[in-house]
Protein chains: 2
Amino acid sequence: MPETARQIADDLRARIESGELTPGDRLPGEPSLVRKYGVAKMTANQALKILVSEGLAVARPGSGTYVREFRPIRRVANDRLAKSRWAAGQSIWSADVARRPLVTDVQVHEAPAPHQVSRLLELDPGAPVIIRSRKFLVEDRPVQTATSYLPADLVRDTAIAQPDTGPGGSYARLAELGAEPVRFAEELRARMPSDEERMALNLAAGTPVIEICRTAFTADDRPVEVNQMLLDAGSYVLEYRLSS
Amino acid sequence: MPETARQIADDLRARIESGELTPGDRLPGEPSLVRKYGVAKMTANQALKILVSEGLAVARPGSGTYVREFRPIRRVANDRLAKSRWAAGQSIWSADVARRPLVTDVQVHEAPAPHQVSRLLELDPGAPVIIRSRKFLVEDRPVQTATSYLPADLVRDTAIAQPDTGPGGSYARLAELGAEPVRFAEELRARMPSDEERMALNLAAGTPVIEICRTAFTADDRPVEVNQMLLDAGSYVLEYRLSS
DNA sequence: GAGTGGTCTAGACCACATC
DNA sequence: ATGTGGTCTAGACCACTCG
């Protein structure tokens, strides 16, 4: 009887979806599946791998395989970019989570703009930009990385070129420079992460990422920031509000 | 030397990312990997499976494993919902692809609203709704499924309850009923598909899906439609425009 | 130390695609 | 008819966790 691994996975999946096994529960281990289904150990292993690759379970070597837990962050694009937030000195994150996330691995440097960035910022190819990259932790788990690009000629001597951008963040600083961002375009993709990205976000196998590229424009349609974000898809629900 | 499968996968990935192997190319087969690396056939198989699960390659049984090809559809949320489109009798799809997609598997029926839908439509639990489900093909490939829910009391005797909703689609019909949708909220998640969903969209292993739940509101903030969509993530780039 | 998942081997059979 | 990926077996060793 081939197709055994899939069938075992189907059985376990059904038990998860029926609620018999709830998030955090330990799944039957390989030896127990070998006994129950009379298959080779490797077949049992592959059955469990199927669930892991579907994002339904997480394997913890030396311990067991567990039903995965979800607790998505709600990210409301419109609210978080509302001027009222950052103008009041708040982080745009205050719209997403009650507790402000930990920002780590902040790196700021100046370099020539990558191809695509210079196009989006309407700069000459290779023009200098300030590059701010950082990582966000919520409840000790990395959920997002972000890299912002801003025209160096505009922000070089401001707090934006410092690790700490001050109250209200870089948008408040841009406003002070007469380059207040009022319009935004977000371009969004979902895909599987590279190994590097999986490492950076500490992702379980079988978790996709959401890639967002946001360009911020001033009232006279000048692009002043490109922000390239990478989200752990399992940690997020995104919301957008539109009117026709 | 353990870790062999990963290393083989790393080698192949590097050759893909360097451009030595381009989309559509055939990867070295299992027998050739067995010879080159001196490993068991199953190890070679697993190495190829890693690339497939990362979405970088597609296996075609009996033929070979190939570098995957991408040709995303650009879906601009704002444009497609603009009244000017559907008011002119166009499909909202005309914003996304030059050639109108094929709509198949259209099914319309009336049934009690599922929990979440009745909540979003602000209906009594179990109130009757018209359910329209359909699938969209672009260039013969299924790229999206969609299921709409509309209050049955509002649309029961209109073209919306028919498979063909006429020029401009259901939004034009809603407008004729004095329930023109002018505001929309889209809630978006990315995840790995279930087997069922993988089947429906004919997805390669390692391809995530994007789940969008859109609620349409009238000018007086009455919800009149909930549309639950499932997109093949590899076939789409989504764009949202916002202003603060 | 016992149990866990992770990985590998060397062989086997199958269904399928391509020629 | 040949070659392909898909899957299975039965055994093995490893690194890890947990009590």
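Here is how names work: the chains are called A, B, and so on, in the same order as the sequence lines, proteins then strands, and each is numbered from 1.
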Q: Return the nearest nucleotide to the side chain of B/Ala59; candidates are C/dA10, D/dG5, C/dT4.
A: D/dG5

Q: Nearest-Å distance, CD (B/Gln7) to C1' (C/dT7)?
A: 12 Å

Q: Between atom CG in B/Leu48 and atom C1' in D/dT7, what is the gap in whole Å?
A: 15 Å

Q: Taking distance alone, no hydrogens or angles, what donor-acceptor pairs closer than 3.5 Å link side-chain atoms of residues 203-212 of chain B to residues at least two apart or in another chain?
A:
unit_1   : atom_1 : unit_2   : atom_2 : d
B/Thr207 : OG1    : B/Arg68  : NH1    : 3.2
B/Thr207 : OG1    : B/Arg68  : NH2    : 3.1
B/Thr207 : OG1    : B/Ala204 : O      : 3.0
B/Glu211 : OE1    : B/Arg191 : NE     : 2.9
B/Glu211 : OE1    : B/Arg191 : NH2    : 3.2
B/Glu211 : OE2    : B/Gln228 : NE2    : 3.4

Q: List the residues meeting salt bridge (Lys or Arg N to Asp or Glu O under 4.0 Å) with B/Glu196, not counting sequence neighbours, and say none if there are none.
A: none

Q: When the distance from CD of B/Gln46 to P of D/dG5 is rounded to whole Å, what number comes out?
A: 14 Å

Q: Pick the closest DNA chain D nucleotide for B/Ser32 and for A/Val39 by heavy atoms, then say which residue is nearer the 5' end.
A: B/Ser32

Q: Should we say atom CZ of A/Arg26 is surrounded by more than 12 heavy atoms from elsewhere, each under 6.0 Å from it?
A: yes

Q: If I take atom CZ in residue A/Arg6 and atom C1' in nucleotide D/dG5, what distance separates them, rounded to the nearest angstrom?
A: 13 Å

Q: What's the closest nucleotide to the B/Thr43 side chain, out of D/dC8, C/dT7, C/dT9?
A: C/dT9

Q: Whole-Å distance between C/dC8 C1' and A/Glu30 CD?
A: 14 Å

Q: Could you check which of D/dC8, D/dT4, C/dG6 has an atom nearest any side-chain atom of A/Lys49?
A: C/dG6

Q: Taking atom C1' of D/dG6 as reference, at what distance in whole Å does atom CE of A/Met42 sit?
A: 13 Å

Q: Which letters describe nucleotides 12-19 of chain C, given B = protein heavy atom under 4.0 Å from base, S = only from sugar-phosphate, - = neither?
A: B---BB--

Q: May I ask you to say whether A/Arg80 pairs ionically with A/Glu186, meaning some side-chain N is under 4.0 Å from a carboxylate O?
A: no

Q: State which residues pass salt bridge (Lys or Arg N to Asp or Glu O under 4.0 Å) with A/Lys49; sequence neighbours excluded, sorted by chain then number.
A: none

Q: Between D/dG5, C/dT9, C/dT4, which nucleotide gets closest to the side-chain atoms of B/Ala40?
A: C/dT9

Q: Between P on D/dG5 and CG on B/Leu27, what's the gap in Å once rounded to a whole number?
A: 9 Å

Q: Atom CD1 of A/Ile8 to atom P of D/dT9: distance rounded to whole Å?
A: 8 Å

Q: Using side-chain contact (heavy atoms from CB on, under 4.5 Å) as the criterion, list what pairs up with B/Lys36, not counting sequence neighbours.
A: B/Arg15

Q: How would you list, by chain and number, every residue that makes a salt bridge (Lys or Arg N to Asp or Glu O under 4.0 Å) with A/Glu239, sequence neighbours excluded?
A: A/Arg74, A/Arg241

